[in-house]
Amino acid sequence: MKKVISQFTKIDVISYILLILTGLVGLNAINYMKVNQEYNGMMTVLVVIWGINLVVCILKLRERIILALFYLAIFLFLISRVAIPALQGTKWWLNYSVEANCFAVYAIAISIVALGVGMAGTEIISKIVSVVKSSKIKEKTSWIDRDSLITVVRVILSVCMLCFYIREIDKVLFMRGKVYEDYFTLYHSRMPFFIIFPAGCMQFFLCMLLALKPSKKESFIWLFLYIVSALPMLKIGVRNTFILNCIFAFVYYFLRDNQRKKNEKKWIGKKEKLLIVCIIPVMILFMGAYNYIRAGKGVGLSAKSLVVDFAYKQGTTYDTVLQGYTYKDNLPMSNGKNYTFGALTDNFFYNSLGKKLFKLDDIGDGNCLRQVYNGHTFSHAISYVVLGRDYIAGNGRGSSYIIENYIDWNYTGVVIFSIVLGCICGLIPRIFGKKWLISIICLNLITSLFFVPRAESTSFITFLVSYKFWICIIASIIITKIWMEINRRKDK
């Protein structure tokens, strides 16, 4: 028992006390203010809950970096939409209805608290397990030669990266003379299978290579190419891919820096820190201006106004939560549908292999009625209900795990799913680098995890039911084994 207790530092104890007090006091305060119609007070308490949970993550940033970034995503996509009007003196609670806003604020607060619970639970269990185990588990790498594997994956990734660039350039060429919304309704790839398939495997092989822990120089080259690969979509008007790729690169550097040995060079040194400090404000200003550039309008706002405007417009997901709560009974053919697992369901049953195995009709890729009525994703359903013809024209509302969980299982769903998310966020920094396959899964999770506050609940784990993902892993192992055998025979 003493060994277990010794695993917990003062920072751990302070963190857990803060989480407990914030949850108990904060959630009760929101309920109290709701009853007394103190809506700005509710918003203030929500921001305080968010802020304290973020501070808890900063106290041990090396272990809690994933959750810290997830909290920042929650603020940008959900809280900023009402925090900014509240500071400006606007009666934000009158948007849609008071009831809907009270629900949204309380649901977001519950999720933030539950995320912290999941993270804390992961830490506590990890510390107990580390004491119970008599010896450290060492990674077994004798089953395959690492140098041979990294060579094979590197070659395949080069081919996949080239095919990916070709596919993205095709999108840009197609979009000439068209508007941003046309991409979601009109674009269908004209590339042959031998381009499309490797392009679709690029991200998997990138994660496979990075999971093998190549040198800092090589990692930088691949991550740079990965970020640049999002520029064609950025030119079309899709910002999310570029931002997520940049975050992925940062998190990878952070994870590698955590695992470096004392005699190894820092992954995030003075140069990297200076670069991050310089790039972040530039990116925020550019993304704020891009709202107007994409629409073909002039940018006439000051730097401060651009930042506020960017945060406010990114927070449109809060409106989606309000719309989901308001129109939950009007969603088409919602009986029997589970929106929380909708992304997984559609990805599994309606991929090219699933349609043949289960003899299902295609539901399409973009905005269409087949997605609304036959698909299981909340984003298509709510977009059609709210936007109607504009949805068919290419516009959309997106989604959020909070409203999907609530529609499926009420507040219980929000709590349970948020705890699971918190566990995942707390687990990634602890298990990355221990096993090759586990590291691959961790990196693939990171590619889209931070978009979950404004996307489908399980969109970040759809790769696990993708046949391409497992084919890539199996194929790389088989090819490496063959390569090893060829080299072994040559040496005889």
NZ/NE/NH1/NH2 to OD/OE distance under 4.0 Å, K127 and E123: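 No, this pair does not count.
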Within-4.5 Å side-chain heavy-atom neighbours: [X] and [Y]:
| X | Y | answer |
| --- | --- | --- |
| S158 | W222 | yes |
| F463 | I441 | yes |
| I66 | M119 | no |
| N351 | S466 | no |
| K328 | Y325 | yes |
| R154 | M208 | no |
| L27 | I110 | yes |
| Y401 | T340 | no |

Please name the pair of heavy atoms, one in [X] and one in [Y], separated by the smallest distance, quoted to 0.1 Å.
| X | Y | result |
| --- | --- | --- |
| V414 | A107 | CG1-O, 3.9 Å |
| V452 | S457 | CG1-O, 3.9 Å |
| T462 | S459 | OG1-O, 3.0 Å |
| Y252 | P214 | OH-CD, 3.7 Å |
| V172 | P232 | CG2-CB, 3.5 Å |
| S399 | E404 | OG-OE2, 2.6 Å |

Only counting residues at least two apart or in another chain, list the ones meeting ring pair (Phe, Tyr, Trp, His ring centres under 6.0 Å) with [X].
| X | result |
| --- | --- |
| Y318 | none |
| F220 | none |
| F248 | Y226 |
| F77 | F451 |

How long is the straight-line distance from [atom2] of [Y] back to [atom1] of [X], given to the nearest 0.5 Å?
| X | Y | atom1 | atom2 | value |
| --- | --- | --- | --- | --- |
| T241 | L231 | OG1 | CG | 10.5 Å |
| E272 | Y253 | CD | OH | 6.0 Å |
| N487 | D145 | CG | CG | 9.0 Å |
| T317 | I74 | OG1 | CD1 | 11.5 Å |

Pair listing, side-chain hydrogen bond (donor to acceptor under 3.5 Å, both in side chains) test, anchored in residues 162-171, at least two apart: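 Residue pairs passing side-chain hydrogen bond (donor to acceptor under 3.5 Å, both in side chains), neighbours aside: E168-K171, D170-Y187, D170-R190, K171-Y183.
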Of all pairs that satisfy side-chain hydrogen bond (donor to acceptor under 3.5 Å, both in side chains), the ones with a partner from residues 469-480, not counting sequence neighbours: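 Residue pairs with at least one partner in residues 469-480: there are none.
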Residue pairs involving residues 342-372 (criterion ring-ring contact (aromatic ring centres under 6.0 Å, His included); sequence neighbours excluded):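 Passing the test, one end in residues 342-372: F348-F358, F349-F358.
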Lys NZ or Arg CZ of K313 over F310 ring: under 6.0 Å, within 45°: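 No, K313 does not lie over the aromatic ring of F310.
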Worked check of side chain to side chain contact (heavy atoms under 4.5 Å, CB included) between L19 and V113: CA-CA 7 Å; L19 289 175; V113 172; over 6 Å; no
Distance-only, no hydrogens or angles: does the [X] side chain make a donor-acceptor pair with backbone N or O of [Y] under 3.5 Å?
| X | Y | answer |
| --- | --- | --- |
| S400 | V321 | no |
| T377 | A343 | no |
| D390 | N395 | no |
| N405 | F417 | no |
| R489 | I486 | no |
| K337 | G375 | yes |

Stepwise side-chain hydrogen bond (donor to acceptor under 3.5 Å, both in side chains) test for Q314 and R81: CA-CA 8 Å; Q314 287 300 303; R81 189 71 165 190; over 6 Å; no
F460 vs I446, side chain to side chain contact (heavy atoms under 4.5 Å, CB included): CA-CA, chis, key distance, verdict: CA-CA 8 Å; F460 70 106; I446 292 169; over 6 Å; no
Can you name the residues that form a side-chain contact (heavy atoms from CB on, under 4.5 Å) with [X], not counting sequence neighbours?
| X | result |
| --- | --- |
| I227 | F242, N245, C246, A249 |
| V159 | C163 |
| T326 | Y96, A100 |
| V282 | none |

CA sep, side-chain torsions, deciding dist, call: Y339, E456, side-chain hydrogen bond (donor to acceptor under 3.5 Å, both in side chains): CA-CA 8 Å; Y339 293 116; E456 291 83 5; over 6 Å; no
L331 and F378: CA distance, side-chain angles, deciding distance, side chain to side chain contact (heavy atoms under 4.5 Å, CB included) verdict: CA-CA 9 Å; L331 297 173; F378 177 79; 3.7 Å; yes
Aromatic ring proximity, centroids under 6.0 angstrom, F75 and W50: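 Close enough - the centres of the two rings lie under 6.0 Å apart.
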Test side-chain hydrogen bond (donor to acceptor under 3.5 Å, both in side chains) applied to N95 and N101, step by step: CA-CA 8 Å; N95 185 27; N101 280 280; 5.5 Å; no
Pairs where residues 231-259 contributes a residue and the test salt bridge (charged side-chain N to carboxylate O under 4.0 Å, His left out) is met, not counting sequence neighbours: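 For residues 231-259, and leaving out neighbouring residues, the salt bridge (charged side-chain N to carboxylate O under 4.0 Å, His left out) pairs sorted by first residue read D257-R260.
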Atom CH2 of W483: over 12 foreign heavy atoms under 6.0 Å: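 Not more than 12 within 6.0 Å, no.
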Neighbour count above 12 (heavy atom, 6.0 Å) for E218 CD: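 Counting neighbours around CD of E218, more than 12 heavy atoms of other residues, nucleotides or ligands fall under 6.0 Å, so yes.
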Donor + acceptor pair across side chains of Q371, Y384 (<3.5 Å):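 Result is no, nothing qualifies.
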T316 side chain to R397 side chain, donor-acceptor N/O pair below 3.5 angstrom: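 On atom types as modelled, these side chains qualify, holding a pair under 3.5 Å.
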Steps toward side chain to side chain contact (heavy atoms under 4.5 Å, CB included) verdict (S439, K213): CA-CA 10 Å; S439 297; K213 300 181 182 179; 5.7 Å; no
Steps toward salt bridge (Lys or Arg N to Asp or Glu O under 4.0 Å) verdict (K481, E485): CA-CA 6 Å; K481 287 287 188 180; E485 182 63 23; over 6 Å; no
